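Below: the structure, in structure tokens.
What you are looking at is a predicted structure, and each value in this text was computed from that prediction instead of being measured.
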Amino acid sequence: MTAAWLALALAAAVTEPTGACGLCHPDVRVEHETSVHAREGIGCHDCHGGDPGATSTAAAHRGDFRGVPSRLDLPAACASCHSDLERMRPYNLPADQYALYRTSGHGVRLARGDDRVAVCTDCHGTHAIRRRDDPQSSVFPRNIPATCGRCHGAGASGESLEGEANPFAAYVGGVHGQAFLEDNNSSAPHCGSCHGAHGAAPPGVGDVDKVCGQCHSPARTYFLQSPHAAAMQTAGAPECASCHDHHGIRAATESMLESVCTRCHEAGSPQSEVASAMRTLFRGAEDEIDAARTLVDRAAAIPLYVEDYKARLEEARTSLVQSFPVMHALKVDGVEELTRRARSIAAEVESEVNGKLLERRWRRVGLLLFWFYLILTMVILVRYRRRALSEATR
Amino acid sequence: MVSRGEGGKRRSLSAWLEERFNLTEMFSFAASFGLFPAELDTSRPFNEALQEAIRRPLPSYGRWPRVLGILSLLVFAFLAATGVLLAFYYQPTTEEAYRSVTTIVRDVNFGWFLHQAHRWSARLLLVILLVRLWRFFFQGMYKAPREALWIVALLTFLVATHADLTGRLLTWNADGYWATVRALEVLYSLPLVGPMFSFLIGGPRIDSLVMTRFYVLHLAAIPFIMTGLFYLHFSGVRRVGLSAVARETRPVGGALKVHIYNLLILTALLFGALVTLVTLLPVPFIDPADPFATPVGARPPWYLLAAYGLLEIFPSAWPRFLPGLVIEATLAVAFLLPFLDRSPGREMRQRRLAIAIGAAVLVAWACFTWYGFQLEVGG
């Protein structure tokens with residue numbers, strides 16, 4: 001009777017992609033069932049070889065059985081399917097991951113026989129591999145920083161990069177990490193946006209501006225016009241990162257013109273004069289905009305019509321923000337033009353709102369006039385009342 | 001029709017009218033709203049009745065401290081007048097309310113004045129009614145035969161707070177909206193009364209239907225009730241007389257004139273005060289209500305802060321109805337005060353216990369108000 005049940009269970013088991021392997025490896029079978037491979041009918045023997053229909057360990061682990069693939073062989077094993085254009089076509093998946101991987105920092109070192117680098121399973125998982133658009137997947141965009149951080153974070157075995165002990169923590173604290181992870185801004189960059197995914201490698205000197213310039217193209221254009229472009233190339237300093245840092249990128253504010261420039265240029269030097277000139281221009285315009293905005297808010301609370309003024313202040317703000325990329329060219333003229341524009345709009349708004357507020361001050365003059373007549377009325381009323389009172393007591 | 005008269009137009013007109021209407025009764029009713037502090041014999045012709053009435057002692061309540069009643073009526077009249085004018089432009093829907101109030105304040109000629117004057121009058125009305133209530137208490141005004149006047153005064157204050165509460169929501173700005181949300185939280189947590197309120201208003205969600213209900217209450221129901229309460233108050237005063245009449249028997253005869261002048265001076269002063277407040281201390285106009293963003297300092301209106309503080313100070317392990325029961329018991333005692341304290345003496349030193357309890361309640365009220373206010377400071 002027991003044997004009959006076992007036979008029935010076996011018959012049911014072998015029809016699954018995992019075959020009979022799950023009888024001895026139930027935990028792996030359960031894990032595998034959640035994977036995209038299970039859904040597409042890719043079973044154990046497709047990676048591990050052997051005979052999934054066999055009912056004894058010896059029979060199952062026979063033939064082309066490979067067991068656990070070594071880390072060194074793993075990328076090639078995955079590539080046996082994932083580099084096959086014909087097989088990938090129905091899923092509309094690229095088939096160049098293996099080729100890219102071999103050019104990556106990970107792949108280059110693996111080829112040298114160093115297996116202390118990321119292979120496919122380190123990022124994608126082993127049996128429970130999920131689709132990239134599955135939020136539970138380790139390579140779902142929002143999870144990518146944490147996945148890379150497993151090696152390139154605190155206490156991990158991943159080596160420090162460019163003297164940065166913990167690139168993951170630096171990224172999380174920087175503006176990109178804040179925007180991507182805190183503000184849920186999906187257009188902010190994660191690790192792969194700058195380093196590439198399968199071909200992950202740090203951009204070298206001369207390439208940094210190209211990588212950053214994918215998003216910050218105006219800044220790059222102006223940077224290339226500046227003396228910094230050639231000088232950094234010669235000095236071997238990474239272009240954007242020399243001032244803005246690698247992973248822990250701070251918010252680009254005008255205060256950087258104080259703190260960052262002095263790293264290389266002495267105070268009082270012509271270069272730092274340029275920086276302080278640009279900073280003064282920026283702050284002057286910003287103060288003017290802030291003052292105008294305070295005034296507009298005051299008028300809005302009355303309320304007066306301020307929608308137009310708000311729009312014009314946005315315009316001023318845009319000019320001011322546009323001066324940031326222009327600063328990379330280190331030309332005071334360009335910055336001056338934009339900040340002057342911002343300033344003049346703000347000053348215009350300020351004077352117009354002031355005019356409107358002044359109009360309202362006339363209400364106070366009206367109040368004085370009102371009280372004059374009111375007191376006159378009261379004097380008359382009090383006199384009449386006094387007369388009535390004396391009549392009453394007489 | 002009046003040209004046939006022989007003894008001058010005025011005389012014949014009044015005679016002609018006297019034959020067709022009971023002028024004395026009409027005047028008596030109109031004068032019930034604070035114009036005339038004595039009763040008239042409505043079975044006699046108007047002139048006769050008036051002459052007879054003003055020969056009796058006629059102290060004016062147009063002067064401190066009895067001025068608070070007529071002052072609250074004047075403020076109420078001012079509120080009614082500005083309210084009617086505001087209603088010409090106001091649209092009571094959640095979509096349009098804020099925009100229409102903006103139109104009133106920004107675009108309508110003197111709309112800003114109406115809006116601000118309405119808000120300032122509402123504040124003044126509540127303060128005057130509350131001060132009047134405590135004056136009634138401390139000067140023993142609830143004692144026989146003025147028990148009903150005390151109950152009416154208490155009711156007037158409670159109804160006025162409802163007028164204030166419903167009005168706050170109508171502008172559909174952030175402050176008013178969240179004050180209403182918090183106020184309803186407080187009211188709903190009262191046992192018995194809470195579910196009743198909830199049933200009448202339609203639950204905790206503030207939507208366009210609640211807005212409509214508040215609009216109707218604010219424009220029709222509450223002003224009607226307030227008018228009735230003012231009528232009850234002043235006709236009651238005429239029947240039982242002003243307090244401490246004995247010491248002021250002096251003005252007789254033409255004292256009605258003095259009273260009318262007192263009222264006119266009072267009206268002018270009140271109008272002057274309101275215009276000054278509106279011009280120099282306008283209430284800031286703030287952002288529209290956003291049900292998804294609670295601003296910092298979202299708290300119930302000041303008159304509910306004490307109840308709010310009391311609800312919050314009770315340990316959460318205790319039953320929720322306990323603080324509500326305390327609030328309701330306090331109100332019930334206030335209503336029954338004339339029947340609980342039956343000693344005849346009205347002087348402070350004759351009623352040490354009542355004064356002590358009243359002062360304790362006042363201090364506790366102030367403390368809980370402060371506590372309730374503190375709860376929402378800095379979010």
Side-chain angles (χ1 to χ4, degrees), chain A residues 182-184 292-314 349 352-394, chain B residues 54-60 62-63 98-99 101-108 110-113 115-116 171 173-175 248-288:
Chain A
E182 299 282 322
D183 307 338
N184 288 327
R293 181 156 297 164
T294 313
L295 208 60
V296 166
D297 286 345
R298 232 178 77 197
I302 287 172
L304 299 176
Y305 269 119
V306 291
E307 277 75 5
D308 293 355
Y309 299 133
K310 280 187 176 164
R312 277 161 72 186
L313 282 184
E314 277 311 306
V349 167
E352 280 176 40
V353 176
N354 260 327
K356 281 202 171 181
L357 290 175
L358 196 70
E359 243 171 62
R360 290 176 47 81
R361 263 167 231 153
W362 282 101
R363 281 186 192 173
R364 300 194 178 189
V365 178
L367 184 68
L368 279 180
L369 214 64
F370 166 81
W371 268 104
F372 173 75
Y373 281 106
L374 195 74
I375 288 170
L376 209 67
T377 315
M378 299 269 281
V379 167
I380 294 167
L381 283 173
V382 167
R383 290 188 70 137
Y384 272 112
R385 181 179 170 274
R386 201 173 290 156
R387 194 188 293 168
L389 206 61
S390 67
E391 267 172 30
T393 46
R394 205 184 300 140
Chain B
I54 61 177
R55 240 172 254 126
R56 278 180 274 145
L58 198 68
S60 168
R63 313 209 67 188
Y98 184 80
R99 213 187 46 76
V101 174
T102 312
T103 307
I104 291 170
V105 179
R106 209 162 53 176
D107 307 332
V108 177
F110 285 94
W112 62 274
F113 178 78
H115 175 80
Q116 295 283 357
T171 52
N173 67 31
D175 253 12
E248 284 173 278
T249 46
R250 189 173 44 87
V252 280
L256 178 63
K257 266 189 187 171
V258 179
H259 176 59
I260 302 280
Y261 284 128
N262 279 344
L263 293 190
L264 284 175
I265 291 170
L266 200 62
T267 312
L269 270 177
L270 176 71
F271 190 58
L274 274 174
V275 171
T276 311
L277 283 172
V278 163
T279 315
L280 299 183
L281 297 170
V283 184
F285 197 84
I286 49 170
D287 299 334

For residues 363-372 of chain A, run the donor-acceptor check on the side chains, cut-off 3.5 Å, and write out each pair with its distance to 0.1 Å, sequence neighbours left out.
residue : atom : partner : partner atom : Å
A:W371  : NE1  : B:T276  : OG1          : 2.7

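Using a 4.5 Å heavy-atom cutoff, the side chains of B:V101 and B:V105 are in contact.
Minimum interatomic distance between A:A388 and B:K257 (heavy atoms only, all atoms of both residues): CB-CB, 3.8 Å. Minimum heavy-atom separation, B:G272 to A:L374: CA-CD2, 3.5 Å. Nearest heavy atom pair, residue A:A292 against residue A:V349, reads CB-CG1, 4.4 Å.
Ranked by heavy-atom pairs under 4.5 Å with chain A, the list B:N262, B:I286, B:L269 is led by B:N262. With chain A as the partner, the residue from B:L280, B:V283, B:I265, B:T102 showing the most heavy-atom pairs under 4.5 Å is B:I265.
To the nearest 0.5 Å, the span separating CG on A:N354 from CZ on A:R298 amounts to 7.5 Å. Here CG of A:D297 is found 7.5 Å from CZ of A:R293. Values are rounded to the nearest 0.5 Å. The CD1 atom of A:I302 sits 11.0 Å away from atom CH2 of B:W112, with the distance rounded to the nearest 0.5 Å.
In this structure, the portions of B:L264 lying under 4.5 Å from any heavy atom of chain A include both its backbone and its side chain. In this structure, chain A has no heavy atom under 4.5 Å from any part of B:D287.
Of all residues spanning residues 379-386 of chain A, those with a heavy atom less than 4.5 Å away from chain B's heavy atoms are A:L381, A:V382, A:Y384, A:R385, arranged by number.
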